[in-house]
Amino acid sequence: MSYEISGPPLISPWMMLSMSEARTDIDETKIVIPGQPVCDAPQQFMRGHGTYTRDGEIVSSLSGVVQQLNRLLMVKTIKQRYAGEVGDVVVARVVEVQSKRWKCDVTSRLHANLPLGSVLLPGGDFRRKDVEDEEKMSEFLKKGELICAEVQQVQHDGTLMLHTRNNKYGKLQQGIMIKVPPHLIKKSKKHFHTLPYGMAVIIGCNGNVWVTPSLPETTVEEDGSHITEFQERSKDVAHKEVSFENMYFQKVPQDVRLAMIRVAACIRLLRDYSIAIFLNSLTTCYEMSQPYDIKELSEQDTSSRLAYLIAARLMQEFSSQN
Amino acid sequence: MEVQISDDEKLFLIHGVESDLRNDGRSCEDFRPMILERGVLSGTNGSCRVQLGQTTDVLAGIKLELESFDTIAYPKPRQPIYFHVDFTANASTQFAGKGGDQYGEEVAAAFHAAYSRSLDFIPNLSKTLVAEGYRWKINMDVSILQWAGSFPDAISLAVIGALSDLEIPEVEVAPDDGGKVSVVLKRPRHGGNMRDEEVPVEMWKLDVTKCPLLLTVSKIGTANLVDCCPEEESCIRAQLLVGISQNPEEEKYDVTCVKQLGGGLLEMESVLEMIELAQKATKGIYEALAKRLKTEERRKPGHSFLL
């Protein structure tokens, strides 16, 4: 039983920003504010996003950093809505079930689409989707459920088309989801990480981080198709080997739960102090948080002290690599 | 703030709560870290801002009014604190326009009921009756800036904080024409060449050690918890609002009101267990609150809003 009533913080979290890796690729001489001219010789350059012409000059319309790509000048802001790219792995929540597709919230400007033809249904993807499948869409994924998917295509208006045509994607079950601003997620090759503490993490490029007891595992069927663990268990229920309650109401073991909650607290700490979230920062944060109780990690003094140490350690590792 | 979570997430949460391990590492009896700051609004007579866990944010401000009333219509002393609770659209989109008015009135009514005997538990409150037919009316306005669970707890802390920050001017009562009296602010002269208006007015403060706290206790699965965050609130079976006031001399915690928020069924045993939990939690909060009120260092008004 702990009750703490304290005063407002003396250090605000953004003061930590200067030490985080999210800012290593920003050149401070090119920071502009709205209305500021972006270059000296406007005839040589083409203007891109975030700029407009005024009196023959290329002027910025946003607060951000000037980026130059050959002859294209554009202004990129630090904090912005997630804009998807092909190949990104996202963690999304279903908001609507429509005919032949699901609408999902990826915290972008528009909801993403997951067409019925792009999901891996039980029985493998050799099946064609028929009218029965269309009626049973709600049984597979209903409103409010979480999925892990990959971006297949970006439409011209920015809508993302997702797919789960792989056994590592699909419906997510027990776990904790934490929302993080998308600019703190570094682009990396791997998004699925099994941590050495008994649980796994999916770092979605759109800022949703999913902490789960285990990643979707696969088993090979007799006819050679792959099905997920969930689908295997539903087969067991159909064959009355496992009771309904045992399949759906499996309780996560206590030590796994503790590890998951600690990792979730670490992610929140990294988010509040604007430190980029990737495998290395998570494991560093987890190890350095061991001496503290999990609930202490949300208190001001402990978290600010810890965040400072973590940022220092990450900067050290980064500079020793270069 | 309404959050939507999937059935499996809810299952994970409920299992955790039943083993006394919530998703943020707290036990069922722990509160989120609270921030209390007084003197944040320089245009009020007393103000307080309370944040619960960086999301629920409540602002309370007091304005004093010298009211003249008819002694025949109101012969008995009435309690002078009037509450108005405003749910702003900032807190949740459902409160845009007039959406928040009804909810605000319900909460204000709960506080009116809890403070109906304020003349008993705030010893020097009777001093607000300055003369026959004249009294200080304490208008307490509470504004919900952000809503993420447990707002009655935050409001009750903010109300106590604002009442402890309130400074009421001392007055001198002099007889006037027609049987009436004139009420004048008391400025004690210490000699010297100061003009009347420049001498600071003498102020007095209220003693708030016995003010009641209103806590929300929720039931998730078989466990009882205090201070739920929005994800937990979407899994609750039932929620009670329990008003508790402390009696420090006798070490007792009296339950002043029990109200059910929202729907759900509860057995009598559960209700008793939940009230017990509220009493246990109140003890800890009162101690933390007293410590904070004593050790607070004042900052520039409104400074923390910029952080």
Side-chain angles (χ1 to χ4, degrees), chain A residues 1-15 93-95 105 141-147 171-179 210-213 230 248-254 257-258 260-262 264-266 268 272 289 292-303, chain B residues 3-16 18-19 21-38 40 49-51 53-54 157 161 226-227 231 234 280-293 295-299 303-307:
Chain A
M1 273 203 330
S2 66
Y3 306 97
E4 188 207 306
I5 303 186
S6 59
L10 291 166
I11 320 172
S12 59
W14 59 260
M15 290 182 190
R93 200 180 283 282
V94 174
V95 284
D105 174 23
L141 273 182
K142 61 182 204 280
K143 184 174 163 192
E145 300 204 323
L146 278 174
I147 54 161
K171 182 156 109 162
L172 297 175
Q173 295 179 328
Q174 290 198 39
I176 308 174
M177 178 159 99
I178 299 148
K179 281 198 175 182
W210 177 248
V211 182
T212 185
F230 170 72
Y248 279 105
F249 300 145
Q250 274 191 19
K251 204 163 163 182
V252 172
Q254 195 74 346
R257 184 180 287 274
L258 275 169
M260 281 171 72
I261 293 180
R262 187 173 280 273
C266 288
R268 285 189 205 106
D272 291 339
S289 76
Y292 302 100
D293 257 346
I294 303 176
K295 57 183 184 224
E296 282 180 7
L297 294 176
S298 53
E299 284 166 23
Q300 269 165 244
D301 357 314
T302 333
S303 60
Chain B
V3 282
Q4 212 182 30
I5 61 175
S6 69
D7 293 339
D8 288 304
E9 283 175 271
K10 285 188 192 170
L11 186 67
F12 181 78
L13 202 147
I14 296 173
H15 278 156
E18 289 178 345
S19 350
L21 193 58
R22 289 154 94 165
N23 271 3
D24 43 11
R26 290 183 287 156
S27 82
C28 294
E29 302 166 344
D30 287 332
F31 263 78
R32 288 173 282 184
M34 296 173 264
I35 296 178
L36 187 143
E37 202 192 348
R38 294 179 294 172
V40 285
R49 182 180 179 203
V50 169
Q51 276 176 298
Q54 291 179 339
L157 283 173
V226 281
D227 195 18
E231 288 84 19
S234 61
K280 233 164 108 177
T282 317
K283 180 164 187 288
I285 298 185
Y286 268 122
E287 284 169 8
L289 182 64
K291 194 170 124 188
R292 170 73 189 151
L293 292 180
T295 59
E296 184 179 4
E297 290 163 15
R298 296 308 178 98
R299 292 207 210 158
H303 172 72
S304 65
F305 285 105
L306 300 172
L307 281 176

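Residue numbers begin at 1 in each chain, while the letters A, B, ... track the order of the sequences. The structure displayed is predicted, hence computed values, not measured ones.
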ask   = At their closest point, which heavy atom of A:Leu258 faces which heavy atom of B:Leu21, and how far apart are they?
value = CD2-CD2, 3.6 Å
ask   = Using non-hydrogen atoms only, which part of A:Met260 is less than 4.5 Å away from chain B: side chain, backbone, both, or neither?
value = side chain
key: Pairs of heavy atoms under 4.5 Å with chain A: top-ranked of B:Glu9, B:Glu37, B:Arg38, B:Glu287   = B:Glu9
request  = With the side chain counted from C-beta on, respond yes when A:Val252 and B:His15 share a heavy-atom pair under 4.5 Å apart, and no when they do not.
outcome  = no
request  = Could I get the full list of side-chain contact (heavy atoms from CB on, under 4.5 Å) partners for B:Gln51, not counting sequence neighbours?
outcome  = B:Ile35, B:Arg49, B:Asp57
inquiry  = Please check: side-chain N/O of A:Arg93 versus main-chain N/O of B:Gln4, any donor-acceptor pairing under 3.5 Å?
reply    = yes
ask   = What residue, out of B:Thr295, B:Val226, B:Asp24, B:Leu13, has the most heavy-atom pairs lying under 4.5 Å from chain A?
value = B:Asp24
ask   = How about B:Lys283: does its NZ atom have over 12 heavy atoms from other parts shown lying under 6.0 Å from it?
value = no
Exercise: identify the closest heavy-atom pair between A:Ile5 and B:Leu36 = CG2-CB, 3.6 Å
ask   = Between CZ of B:Arg22 and CZ of A:Arg257, what distance do you get to the nearest 0.5 Å?
value = 13.5 Å
Any side-chain heavy-atom pair of B:Pro33 and A:Ser298 under 4.5 Å = yes
Side chains of A:Lys171 and B:Ser6 in contact at under 4.5 Å (non-hydrogen atoms) = no
query = What part of A:Leu297 lies closer than 4.5 angstrom to a heavy atom of chain B: side chain, backbone, both or neither?
reply = neither
inquiry  = Nearest 0.5 angstrom please: A:Glu145 CD to B:Asp7 CG, how far?
reply    = 6.5 Å
ask   = Between A:Arg268 and B:Asn23, what is the shortest heavy-atom contact and its length?
value = NH2-O, 3.7 Å
